Amino acid sequence: MFHVAVLTVSDRSFRGERPDEGGPLVAGLLKEAGYAVVKTAVVPDEQSLIETALREIADTGEVQLLVTTGGTGFAPRDVTPEATLAVCQRMVPGIPEAMRYAPLRLTPRAMLSRSQAGIRGSTLIINLPGSPRAAKENLEAVLPALEHGLELLTGIRRNCDTVE
């Protein structure tokens, strides 16, 4: 079973001014898909703090997938993509391309997402939007391919010990 961390990026949720709706929703979707959510956290929209959280979570080796929600838009404080680019060693452009394409039939605003996806060590990092509805649509667009990608990245089969 793959282990996952969900990191919410939101000034207001971090300060306790607004409940975190996106993080718990994403965690629930991942649990339903058979992933073990082993860590959740909330950080403010500060690039250095986002980078630190991404590094600390990925570098423990405890999670194979780290999903962020929030900070992917055009607002000046939306810096999650920049933080992700700064910490990843390899980028995975097909994931954000698919996440933008899938909901485009529902809203032209989908093309405005600046989400990124990349690899740090043996952890796949994926940025989802902060809107719970958009986060759900984006995650559902890529969820069917994630297991195979994680198997290739880690050498672990979800129902076995190693990839042959």
Side-chain angles (χ1 to χ4, degrees), residues 1-10 13 20-43 49-72 80-106 110-111 113-164:
M1 177 176 289
F2 290 117
H3 293 165
V4 181
V6 177
L7 180 68
T8 299
V9 180
S10 168
S13 292
D20 174 15
E21 295 177 6
L25 174 72
V26 168
L29 291 169
L30 289 164
K31 286 177 186 174
E32 286 175 20
Y35 292 85
V37 178
V38 297
K39 180 171 183 61
T40 60
V42 180
V43 296
L49 296 177
I50 301 165
E51 287 179 24
T52 297
L54 294 174
R55 282 188 189 100
E56 286 178 355
I57 294 168
D59 292 352
T60 65
E62 295 174 6
V63 300
Q64 295 78 45
L65 177 62
L66 196 172
V67 179
T68 69
T69 178
T72 62
T80 304
E82 287 77 13
T84 301
L85 288 167
V87 304
C88 287
Q89 294 134 342
R90 296 186 292 158
M91 301 313 295
V92 186
I95 291 174
E97 289 169 6
M99 291 190 314
R100 282 185 277 275
Y101 178 76
L104 197 55
R105 69 188 189 290
L106 305 172
M111 70 179 76
S113 173
R114 298 183 321 104
S115 294
Q116 296 290 328
I119 297 167
R120 179 174 178 87
S122 59
T123 301
L124 175 62
I125 300 172
I126 299 174
N127 302 151
L128 298 176
S131 153
R133 184 176 126 206
K136 180 180 188 293
E137 291 169 353
N138 280 235
L139 182 59
E140 287 174 343
V142 298
L143 203 50
L146 290 185
E147 181 177 345
H148 180 66
L150 292 171
E151 287 176 349
L152 293 171
L153 177 62
T154 65
I156 300 169
R157 284 200 190 267
R158 215 156 101 165
N159 297 317
C160 302
D161 290 332
T162 59
V163 174
E164 296 175 5

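Keep in mind the model is a prediction, meaning the values are calculated, not measured.
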> So how far is it from Leu7 CG to Ile50 CD1, rounded to the nearest 0.5 Å?
Replying inline: 7.5 Å
> Sub-3.5 Å donor-acceptor pair from the side chain of Gln116 to the main-chain atoms of Pro96, do we have one?
Replying inline: no
Would you give me the side-chain donor-acceptor pairs under 3.5 Å for residues 62-69, sequence neighbours excluded?
residue : atom : partner : partner atom : Å
Gln64   : OE1  : His3    : N            : 2.6
Thr68   : OG1  : Asn127  : ND2          : 2.9
Thr69   : OG1  : Pro129  : O            : 2.7

> Any side-chain heavy-atom pair from Tyr35 and Leu143 closer than 4.5 angstrom?
Replying inline: yes
> About how many Å separate SG of Cys88 and CD1 of Ile125, when rounded to the nearest 0.5 Å?
Replying inline: 4.0 Å
>> For a 4.5 angstrom cut-off between non-hydrogen side-chain atoms, does Ile57 reach Lys39?
In response: yes
>> Rounded at 0.5 Å granularity, tell me how far CG in Leu139 sits from CG in Leu29.
In response: 5.5 Å
> Given Leu106 and Glu137, is the side-chain contact (heavy atoms from CB on, under 4.5 Å) satisfied, shown in steps?
Replying inline: CA-CA 10 Å; Leu106 305 172; Glu137 291 169 353; 3.6 Å; yes
>> Would the distance check show the side chain of Thr80 and the main-chain N or O of Thr72 forming a donor-acceptor pair, the cut-off being under 3.5 Å?
In response: no
> How would you list all residue pairs meeting salt bridge (charged side-chain N to carboxylate O under 4.0 Å, His left out) that involve residues 82-99, not counting sequence neighbours?
Replying inline: Glu82-Arg114
>> As an exercise, state the distance from CD of Glu151 to CG of Leu146, rounded to the nearest 0.5 Å.
In response: 11.0 Å
> Atom CE in Met111, atom OH in Tyr101: separation rounded to 0.5 Å?
Replying inline: 12.5 Å
> Which atom pair, heavy atoms only, marks the closest approach of Val142 to Ala98?
Replying inline: CG1-CB, 4.0 Å
> Which atom pair, heavy atoms only, marks the closest approach of Gly23 to Thr8?
Replying inline: CA-OG1, 3.4 Å
> How close do Pro103 and Asn138 get, heavy atom to heavy atom, and via which atoms?
Replying inline: CG-ND2, 4.0 Å
> If you measure from CD on Glu56 to CD on Glu51, what distance do you get to the nearest 0.5 Å?
Replying inline: 12.0 Å
>> If I compare all heavy atoms of Gln89 with all of Gly121, which pair ends up nearest, and what's the gap?
In response: OE1-N, 2.5 Å
>> If you compare all heavy atoms of Ser115 against all heavy atoms of Met99, which two are closest, and at what distance to 0.1 Å?
In response: CB-CE, 3.8 Å
> Which pairs with one or both residues in residues 29-38 pass salt bridge (charged side-chain N to carboxylate O under 4.0 Å, His left out), sequence neighbours excluded?
Replying inline: none
> For Leu150, which of Thr123, Val4, Leu124 qualifies under side-chain contact (heavy atoms from CB on, under 4.5 Å)?
Replying inline: Leu124
> Quick one: does Arg100's side chain have a donor or acceptor within less than 3.5 Å of a partner on Ser113's backbone?
Replying inline: yes
> So do Thr52 and Val43 actually touch side chain to side chain, heavy atoms under 4.5 Å?
Replying inline: no
